[in-house]
Amino acid sequence: MDRIRLRGGHALSGEIVISGAKNAALPLMTAGMLTDERLVLSRVPLLADTETMGQLLAQHGVAVERSANDPRTLSIGGAITNTEAPYDIVRKMRASVLVLGPLLARVREARVSLPGGCAIGTRPVDLHLKGLEQMGAVITLDGGYIDAKAPHGLKGATIVFPMPSVGATENLLMAASLADGRTLLANAAREPEITDLCDCLVAMGAKISGIGTDKLTIDGVASLHGAHHEVIPDRIETGTYACAAAITGGSLHLVGGRLDHLGAVVRTLAEAGVEITPTETGLMVKRLNGLHGVDAITEPYPGFPTDMQAQYMVLMSVAEGASLVTETIFENRFMHVPELNRMGARINVHGKSAIVRGVASLSGAPVMATDLRASVSLVLAGLAAKGETIVNRVYHLDRGFETVETKLAACGADIERIAG
Ligand code: EPZ
């Protein structure tokens, strides 16, 4: 298994090109199942998760072809010949459940393995299933699988989410695009990745209004057609490299980074002493004077993203003063804390909150990651630490960050991947 070795203490400086957003690309790839024509997606990041999604689509019979000139451009389409999403793929990647809405909408049946829990929490899919049932699907759970059928097709419905769910909003948006009649999704998630999916569906002929808000109205159409769509730049990668610049006391130009997608991250980092200013092609990030402890609470967009919580905690670990970091989205997303404490951080977890007391410096250590964002937080800690850090289980990192070591090394970090 690959590892990452880094030696901290180098101020980063230079330019990093932000990749396409993993969490936008995955639902967009499943949107390719909604038409027999070709959906061409560009800026699809080269990651383990997008590779897995390609395998899942292929096993449904849908062709996924990579452009010969650009490996990040995929052409997706073709008839669905198999409606089962097997456990072996779904257990690797929970976003596999996003084939449910498209399968039901297109071929009126689906058998999708239940994703089960994962390292960061139990993560049920009840909101996906309830919404589809309201649209007329008959769903049974059998042998660890979701068996869903809509023999007479899906019908428009009014669905009020008890809380915003990114995945449920995406599944129901895709299902509603081909349903009979009007669907209203209220208290829907409004992450930039959802807006990106809406924009792509509209380009494919869907009728959606309220895009960018928590009330989406979808008027179903009989069929969708092919389109070309460019995946938005990854806001979590942008925020992660912003923390890298700040932690090392350097400055980075994040090409493609979008201020309008960062939500509460901009204000929180500004209060902590990190300046983020738009440029013609992206964002310039630099640390002003010292870093200060500032509280953060994770919330649905435009609140502070749970996917930035671990990285922000590293920043707070080397800031002056204390801060309270509260996780409200997932129940078990502090697994990076014991590893950060082994590197000299002073963090105490009390239920949903962690008190972070800033220290003058961290010290390198061998550490182990348990999920994607936790593993990149350990890389950030290694950049700030004195001495050598080895991050084990790099496969978590490869699920969601394109060539992290190459991007950081080009900006002056002492970092390398050790194969094997
Ligand atoms: C998406 O997961 C992202 N994944 C996650 O990113 C991200 O952390 C999360 O949204 C929150 O922003 C993708 O986009 C592929 P949710 P998702 O449904 O859709 C509860 C990463 O590191 N819930 O918005 O699964 C759920 O348990 C990953 O890239 C239900 O109770 O998240 C959670 O507490 C990790 N029932 C909350 O809602 C449901 O049916 C929000 O989850 C669905 C969700």
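Order of listing sets the numbers, starting from 1, for every ligand and every atom in it.
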Please produce the table of protein N or O atoms sitting under 3.5 Å from N or O atoms belonging to ligand 1, one pair a line, distance to 0.1 Å.
| unit_1 | atom_1 | unit_2 | atom_2 | d |
| --- | --- | --- | --- | --- |
| ligand 1 | 2 (O) | Arg123 | NH2 | 3.3 |
| ligand 1 | 6 (O) | Asn23 | ND2 | 3.2 |
| ligand 1 | 6 (O) | Asp307 | OD2 | 3.0 |
| ligand 1 | 8 (O) | Asp307 | OD1 | 2.6 |
| ligand 1 | 8 (O) | Asp307 | OD2 | 3.4 |
| ligand 1 | 18 (O) | Ser165 | OG | 2.6 |
| ligand 1 | 19 (O) | Gly167 | N | 2.8 |
| ligand 1 | 22 (O) | Arg333 | NH2 | 3.2 |
| ligand 1 | 22 (O) | Arg373 | NE | 2.9 |
| ligand 1 | 24 (O) | Val166 | N | 2.7 |
| ligand 1 | 25 (O) | Arg123 | NH2 | 2.9 |
| ligand 1 | 29 (O) | Lys22 | NZ | 2.9 |
| ligand 1 | 29 (O) | Asn23 | ND2 | 3.1 |
| ligand 1 | 29 (O) | Arg373 | NH2 | 2.7 |
| ligand 1 | 34 (O) | Ile329 | O | 2.6 |
| ligand 1 | 36 (N) | Pro124 | O | 3.3 |
| ligand 1 | 36 (N) | Asp126 | OD1 | 2.7 |
| ligand 1 | 40 (O) | Pro124 | O | 3.3 |
| ligand 1 | 40 (O) | Asp126 | N | 3.1 |
| ligand 1 | 40 (O) | Asp126 | OD1 | 3.2 |
| ligand 1 | 40 (O) | Leu127 | N | 2.7 |

Asp49 bridged to Arg399 by N-O distance under 4.0 Å: yes

Short N-O contact, Arg342 and Glu339, less than 4.0 angstrom: yes

Sidechain N-carboxylate O distance under 4.0 Å for Arg106, Asp36: yes

salt_bridge(Lys22, Asp307) N-O dist < 4.0 Å: no

Side chain to side chain contact (heavy atoms under 4.5 Å, CB included) between Leu12 and Tyr241, worked out: CA-CA 10 Å; Leu12 298 184; Tyr241 289 130; over 6 Å; no

Note: Arg333-Glu327 ion pair, threshold 4.0 Å (strictly below): no

